[in-house]
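Please read the structure below before turning to the comments.
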Amino acid sequence: MANHVWGLISNPGPELQQIQRERETVSHVYSHHVLLMALIPVVCSFIGTTQLGWNFGDGEKLMVSMFTASYIAVIFYVLMLAAVALMGRIIYGMARRYDSRPTLNNCIVFAGYVATPMFLSGLVALYPMVWLCLFVGLIGLCYSGYLLYLGIPNFLNIDRREGFLFSSSTLAMGVLVLELLLALTVIMWGYGTQLF
C-alpha cells in the first residue's frame, strides 16, 4: 500500500500503469488501501475535534465529546467507503459507451486510488481550523482531479481526446459526491458540537 501512495504522489503516471498491471480486485484494494487510507481523515478529525475543538477563526473553539465524536467518526468512515464505491459505479456507468469497456472492478479500483490525495488531505484535521481544512481539502481535490485526468486514458484505456471529456464529466460528478459527503459531515460534526 505505502509504495502506491508514494508513487501516486511522486510519479503518478507510471504508478497508475503499475496498479493497472497488478489487476487488483475490489476486495484487495479495499482491504489493502481504501480501508486504511479512509482512517486518516476519520482518526485525525476525531483527535482534532475532541482535543482541540473546531476553530472557526474567531478565537472560539467548539469541542466535541468523545462519545459523540465516536459515533460521528463511524458514520463518516462508512460514508467515505461508500463514496469510493459510488464513484467507481459512476465511472463504470459513464465508461460503458467506450470501446475499451472497463469492468466494474477496474473502475472501483481506479476510484479507490484516485481518492488517495483526498484521504491524505484529512491529516490537516488534527488541527481543525475550518479555513485550513477547506484549503488543504481543495488541494487534495485538485490532485485527485489530476490523477483522474492522467488515469482515465492510462488506467481505463480510453483515448486521450475522449478521456479529457470523460474526465471532466467524472470530476464534476465526483465534486457532487464530495459536496454531499462534506455537507453530511458538516451537519454531523456541527450537531456533535451542539450535544457537548
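Keep in mind that this is a model prediction, so the values were computed, not measured.
- In terms of heavy-atom proximity, Ile19 sits nearest to Val109 at CG2-CG1, 4.4 Å.
- Atom CZ of Arg21 is surrounded by more than 12 heavy atoms from other residues, nucleotides or ligands within 6.0 Å.
- Side-chain contact between Met66 and Gln51 is present, with heavy atoms from C-beta onward closer than 4.5 Å.
- Residues Trp131 and Val124 share a hydrophobic cluster, clusters being chains of Ile/Leu/Val/Met/Phe/Trp/Tyr side chains in contact below 4.5 Å.
- When all heavy atoms of Ala38 and Leu81 are compared, the pair lying nearest together is CB-CD2, 4.0 Å.
- Judged by distance alone, the side chains of Tyr113 and Glu24 do bring a donor and an acceptor atom under 3.5 Å apart.
- Atom CE of Met173 sits in a sparse spot, with 12 or fewer heavy atoms from other residues, nucleotides or ligands closer than 6.0 Å.
- A heavy-atom distance below 4.5 Å is found between the side chains of Val84 and Phe119.
- Between Leu52 and Tyr127 the shortest heavy-atom distance is CD1-CD1, 3.8 Å.
- A donor-acceptor contact closer than 3.5 angstrom links the side chains of Thr116 and His33.
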Pair Asn106, Tyr92 - check side-chain contact (heavy atoms from CB on, under 4.5 Å), show working. CA-CA 8 Å; Asn106 284 351; Tyr92 175 69; over 6 Å; no

For Thr50 and Met63, what are the C-alpha separation, side-chain angles and deciding distance, and is it a side-chain contact (heavy atoms from CB on, under 4.5 Å)? CA-CA 6 Å; Thr50 57; Met63 301 287 285; 5.8 Å; no

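- Formation of a donor-acceptor pair under 3.5 Å by the Thr68 side chain with backbone atoms of Ser65 is not found in this model.
- Here the side chain of Ser121 pairs a donor or acceptor atom with the backbone of Met118 at under 3.5 angstrom.
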Before giving the answer on side-chain contact (heavy atoms from CB on, under 4.5 Å), spell out for Phe46 and Val64 the whole-Å C-alpha distance, their side-chain angles and the decisive distance to 0.1 Å. CA-CA 9 Å; Phe46 179 84; Val64 179; over 6 Å; no

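- The minimum heavy-atom distance linking Leu156 with Pro102 is given by the pair CD2-CB, 3.9 Å.
- Leu134 and Met129 sit in two unconnected hydrophobic clusters of ILVMFWY residues. Membership requires side-chain heavy atoms under 4.5 Å apart, directly or through other members.
- In this structure, Tyr146 has its ring center under 6.0 Å from that of Tyr143.
- The structure places CD of Glu22 at 3.5 Å from NE2 of His4, a figure rounded to the nearest 0.5 Å.
- Side-chain contact between Val114 and Leu8 is absent, with no heavy atoms from C-beta onward closer than 4.5 Å.
- Considering only heavy atoms from C-beta on, Asn105 stays 4.5 Å or farther from Arg23 through its side chain.
- In this structure, Ile40 is not a member of the same hydrophobic cluster as Val78, with clusters built from ILVMFWY side-chain heavy atoms closer than 4.5 Å.
- Between Met80 and Pro41, some side-chain heavy-atom pair lies under the 4.5 Å cut-off.
- The CG atom of Leu120 sits 12.5 Å away from the CD1 atom of Ile139 when rounded to the nearest 0.5 Å.
- Hydrophobic clustering keeps Val136 apart from Ile47 (ILVMFWY residues linked when any side-chain heavy atoms are closer than 4.5 Å, directly or through intermediates).
- Interatomic distance, CZ of Phe76 versus CG of Leu79, reported as 8.5 Å (0.5 Å rounding).
- In this structure, the separation between CD on Gln17 and CG on Leu150 is 8.5 Å, given to the nearest 0.5 Å.
- Distance check, rounded to the nearest 0.5 Å: CG of Leu147 to CD1 of Ile9 gives 7.0 Å.
- Atom SG of residue Cys44 and atom CG of residue Leu39 lie 10.0 Å apart, to the nearest 0.5 angstrom.
- Using a 4.5 Å cut-off between side-chain heavy atoms of Ile, Leu, Val, Met, Phe, Trp and Tyr, with links allowed through other members, Val74 and Tyr71 fall into different hydrophobic clusters.
- A pairwise comparison of heavy atoms in Gly151 and Leu16 identifies CA-CD1, 3.5 Å as the closest pair.
- Nearest heavy atom pair, residue Ile91 against residue Ala111, reads CD1-CB, 4.2 Å.
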Steps toward side-chain contact (heavy atoms from CB on, under 4.5 Å) verdict (Met87, Thr170): CA-CA 8 Å; Met87 279 310 302; Thr170 305; 4.0 Å; yes

